[in-house]
K.L.:
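Quick one: this structure, given as structure tokens, is what I'll be asking you about.
Computed from a prediction, not measured in an experiment: that's the story for all the values here.
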Amino acid sequence: MKVRKQTLAALAAMTLLLGTAACKRAETEANEDPGKGPHGGKLLKKDDFALEVKIFEEGVPPEYRLYAFNGGKPLPPTEFNATITLERLERTDTINFSPRGDYLLGDKEIVEPHSFDVTVKATRTGQPYQWAFSSYEGRTEIKPEELKNAGVVIERVGPARMKNVIELPAQIALNADKTAHVVPRLRGVVAEVRKNLGDRVTRGEVIAVLSSGDLATAKEAYIESVHRLELARISVQREEALWKKKISPEEDYLIKKNVFEEAGLTYQATAQRLAALGVPANEIRSLEAGKSDLARYELRAPLTGVVIGKRVTVGEAVEGTEMIFTVADLSTVWTDITIPPSQLGAVRTGQQVIVHWDDQDIKVPGTVTYVEAMVGEQTRSSRARVVIPNPKGMWRPGLFVNVHLTQNESVVPIAVKAAALQTFRDWDVVFIKVGDLFEARPLKLGRREGEWLEVLSGLTPGLEYATKNSCVVKADVMKSGASHDH
């Protein structure tokens, strides 16, 4: 704007001195667009000498190439020399040139963004030439009060302590230690089904009822053993009294005693068989009073959890080995980690990890509790396991997740806040701040850990940059329309 005001002032003075015709001629020269040269670069002219400035970036890193002309005819690169000074926001780059083919080639890569004030100096046959122009890209100006109102936070580029984290694929699975398969343990016909898929159950709760002839036979054997034991007890007590009174011989008492002991063994065996079939102790005792349905067999939940498998209907005949219910305690689940061959040495028991469900961006900490000692014959990979809490049931078995494992910590020399990262063109950038000016800086990134991003190239320590609400800066840059133009 300042240059334009000076130009307008000069035109006004020339009007007074030279008249209208001279003014029009001067105005035409002041506004003349230097245009493009034959190689597509910016064409700079003075008298008969012209210099085409071209940033060439086809198949090579961006480089300056200079082509000279005299009276419109190309000049050999040995007949002139030149330097270019690039004034960037945070530094000054000087480009020197040497002949190459039909042009002068710059000695430095022109790193992105191509945003700078350019000063071109050239010499031909002792005659100096100089031009200046600006080329801005990804730049905008924001006043301090505007930054404050937008909530933009400014910080300095510097070192950060980061963890060396590896990411491995994993899958949520049932906690097999808290999953039970319910089998009847004897044949029968299903009389009742009290629970369905998804129902919650508590340990010992009746989930189905069978009518079983095998159970009736086992209960009859138990009842019979109870009666035999009682008769044997009475008989041995009577015989013992007669023996002590010397009415009957000791041999008769010993025989009765042996019968009593055998009856006791039979009683214990039949009771243990009922207990092994899952008949509760109170129900076994009730058989002695004759208060039980002999064929009724109640299947009970082996643990508190959720019914996740059901393969039974009323009236169906089932075998004793059929798995008719599966009950799982989902308050905890397993995270089964796949360890590729290249990372087999990186995972160990006791290691702290973060389980990350990407789709919902949910994270939970955990500890590696098991690392498989074998590797797969085909995949050559191994497995590890993390047990994680699941009080709300959101970690559903079958989900694919990622596990982040921390190997060690180190200090990286240059890092930026992850909140500062934006995209501009096809780059990952942050916006540096110099005075009231902001400009995009493309980054080559390394590790990412928590709120920090390691910067491998693109920034130097000490620079100020926008962190929180950096999107406001990006929006202002896009509105300003500073483009990639050579």
Side-chain angles (χ1 to χ4, degrees), residues 36 39-42 53-65 84 86-93 95 105-118 133-142 150 152-157 160 162 165 167 356 358-359 361 402 412-434 437-461 463-486:
K36 299 288 185 180
H39 302 91
K42 184 180 290 292
V53 180
K54 168 71 174 178
I55 296 181
F56 186 84
E57 48 190 334
E58 298 177 12
V60 296
E63 59 188 23
Y64 264 124
R65 296 183 179 184
I84 291 181
L86 304 178
E87 292 285 347
R88 297 179 183 268
L89 280 185
E90 77 280 21
R91 70 177 191 273
T92 299
D93 296 336
I95 316 297
L105 175 65
D107 62 353
K108 290 185 177 65
E109 178 183 345
I110 314 305
V111 297
E112 298 280 9
H114 296 163
S115 182
F116 25 60
D117 293 310
V118 185
F133 61 91
S134 298
S135 174
Y136 299 145
E137 178 181 17
R139 180 182 292 191
T140 192
E141 181 178 4
I142 305 178
V152 178
V153 176
I154 305 300
E155 298 188 41
R156 288 192 180 275
V157 176
M162 297 183 67
V165 178
E167 182 178 297
H356 186 196
D358 291 347
D359 291 343
D361 196 23
N402 291 311
V412 297
I414 303 177
V416 295
K417 294 287 185 66
L421 195 67
Q422 298 290 336
T423 57
F424 181 74
R425 288 176 50 193
D426 54 350
W427 305 323
D428 290 324
V429 303
V430 296
F431 291 95
I432 67 166
K433 177 180 182 294
V434 178
L437 296 176
F438 288 83
E439 193 168 87
R441 282 294 177 270
L443 305 180
K444 181 180 180 182
L445 299 174
R447 289 176 285 169
R448 176 170 187 161
E449 194 276 314
E451 65 174 348
W452 291 105
L453 295 169
E454 179 186 17
V455 177
L456 301 179
S457 65
L459 292 175
T460 55
L463 282 174
E464 290 188 319
Y465 69 106
T467 57
K468 183 179 179 182
N469 289 334
S470 60
C471 57
V472 174
V473 181
K474 177 183 176 179
D476 207 64
V477 166
M478 302 303 291
K479 184 173 62 176
S480 71
S483 63
H484 185 70
D485 183 20
H486 305 321

K.L.:
So, Arg88 and Glu439, do they make that salt bridge, N to O below 4.0 Å?
P.N.:
no

K.L.:
Can you name the one residue among Leu443, Leu453, Val157, Leu463 that meets side chain to side chain contact (heavy atoms under 4.5 Å, CB included) with Val430?
P.N.:
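When Leu443, Leu453, Val157, Leu463 are each tested with Val430, the side chain to side chain contact (heavy atoms under 4.5 Å, CB included) holds only for Leu443.
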
K.L.:
What residues, two or more places apart in sequence or in another chain, satisfy salt bridge (charged side-chain N to carboxylate O under 4.0 Å, His left out) together with Glu155?
P.N.:
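For Glu155, the residues satisfying salt bridge (charged side-chain N to carboxylate O under 4.0 Å, His left out) (neighbours in sequence not counted) are Lys417.
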
K.L.:
When you look at NZ of Lys108, are more than 12 heavy atoms from neighbouring residues, nucleotides or ligands closer to it than 6.0 Å?
P.N.:
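More than 12 within 6.0 Å, yes.
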
K.L.:
Just verifying a value: how many Å separate Lys474 NZ and Gln422 CD, rounded to the nearest 0.5 Å?
P.N.:
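Result: 5.5 Å between the selected atoms.
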
K.L.:
Say whether Asp107 and Tyr64, considering side chains only, have a donor N or O and an acceptor N or O under 3.5 Å apart.
P.N.:
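Side chains of Asp107 and Tyr64: no pair found under 3.5 Å.
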
K.L.:
Evaluate the side-chain proximity of Val53 to Val118: yes if any heavy-atom separation is below 4.5 Å, no if none is.
P.N.:
no

K.L.:
Pro113 and Pro442: which non-hydrogen atoms are nearest, and at how many Å?
P.N.:
CD-CD, 3.5 Å

K.L.:
Would you check if Phe438 and Val472 make a side-chain contact, meaning some heavy-atom pair closer than 4.5 Å?
P.N.:
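No, every pair of side-chain atoms sits at 4.5 Å or beyond.
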
K.L.:
Distance from Ser457 atom OG to Leu445 atom CG, nearest 0.5 Å?
P.N.:
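If I round to the nearest 0.5 Å, the distance is 8.5 Å.
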
K.L.:
Show your working on side chain to side chain contact (heavy atoms under 4.5 Å, CB included) between Thr423 and Asp428 and close with a plain yes or no.
P.N.:
CA-CA 5 Å; Thr423 57; Asp428 290 324; 3.9 Å; yes

K.L.:
Between the side chain of Asn469 and the main-chain N/O of Ala150, is any donor-acceptor distance below 3.5 Å?
P.N.:
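Pair found, side chain donor or acceptor close to backbone of Ala150.
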
K.L.:
If you look at every heavy atom in His114 and Glu112, which pair is closest and at what distance?
P.N.:
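Result for this residue pair: N-OE1, 3.3 Å.
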
K.L.:
Identify the two heavy atoms, one from Ala415 and one from Tyr465, that lie closest to each other, and give their separation to 0.1 Å.
P.N.:
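Nearest pair, atom of Ala415 first, then Tyr465: O-OH, 4.4 Å.
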
K.L.:
For Glu167 and His356, run side chain to side chain contact (heavy atoms under 4.5 Å, CB included): C-alpha distance rounded to whole Å, both residues' side-chain angles, the deciding distance at 0.1 Å, then the answer.
P.N.:
CA-CA 10 Å; Glu167 182 178 297; His356 186 196; 5.9 Å; no

K.L.:
For the atom pair CD1 (Ile110) and CD1 (Ile55), what is the distance rounded to the nearest 0.5 Å?
P.N.:
6.0 Å

K.L.:
Could you measure the distance from the OG1 atom of Thr467 to the CZ atom of Arg156? Nearest 0.5 Å is fine.
P.N.:
13.0 Å

K.L.:
Minimum heavy-atom separation for Phe424 and Ala440, please, with both atom names.
P.N.:
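That closest heavy-atom pairing would be CD2-CB, 4.1 Å.
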
K.L.:
Nearest heavy-atom pair of Thr460 and Ile414: which atoms, and what distance?
P.N.:
CA-CD1, 4.5 Å

K.L.:
The test is side chain to side chain contact (heavy atoms under 4.5 Å, CB included); show your working for Glu464 and Ile432 and say whether it passes.
P.N.:
CA-CA 6 Å; Glu464 290 188 319; Ile432 67 166; over 6 Å; no

K.L.:
Of the non-hydrogen atoms in Arg448 and Ala418, which two are nearest, and what is the gap between them?
P.N.:
NH2-CB, 3.5 Å

K.L.:
Going by heavy atoms in the side chains, are Val429 and Arg441 under 4.5 Å from each other?
P.N.:
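No, side chains not in contact.
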
K.L.:
Hey, could you give me the CE/CD distance between Met162 and Glu451, rounded to the nearest 0.5 Å?
P.N.:
10.0 Å

K.L.:
Hey, what do you get for CD1 (Ile142) to NZ (Lys433), rounding to the nearest 0.5 Å?
P.N.:
10.0 Å

K.L.:
Decide yes or no on side chain to side chain contact (heavy atoms under 4.5 Å, CB included) for Trp452 and Arg447, but give the supporting numbers first.
P.N.:
CA-CA 8 Å; Trp452 291 105; Arg447 289 176 285 169; over 6 Å; no

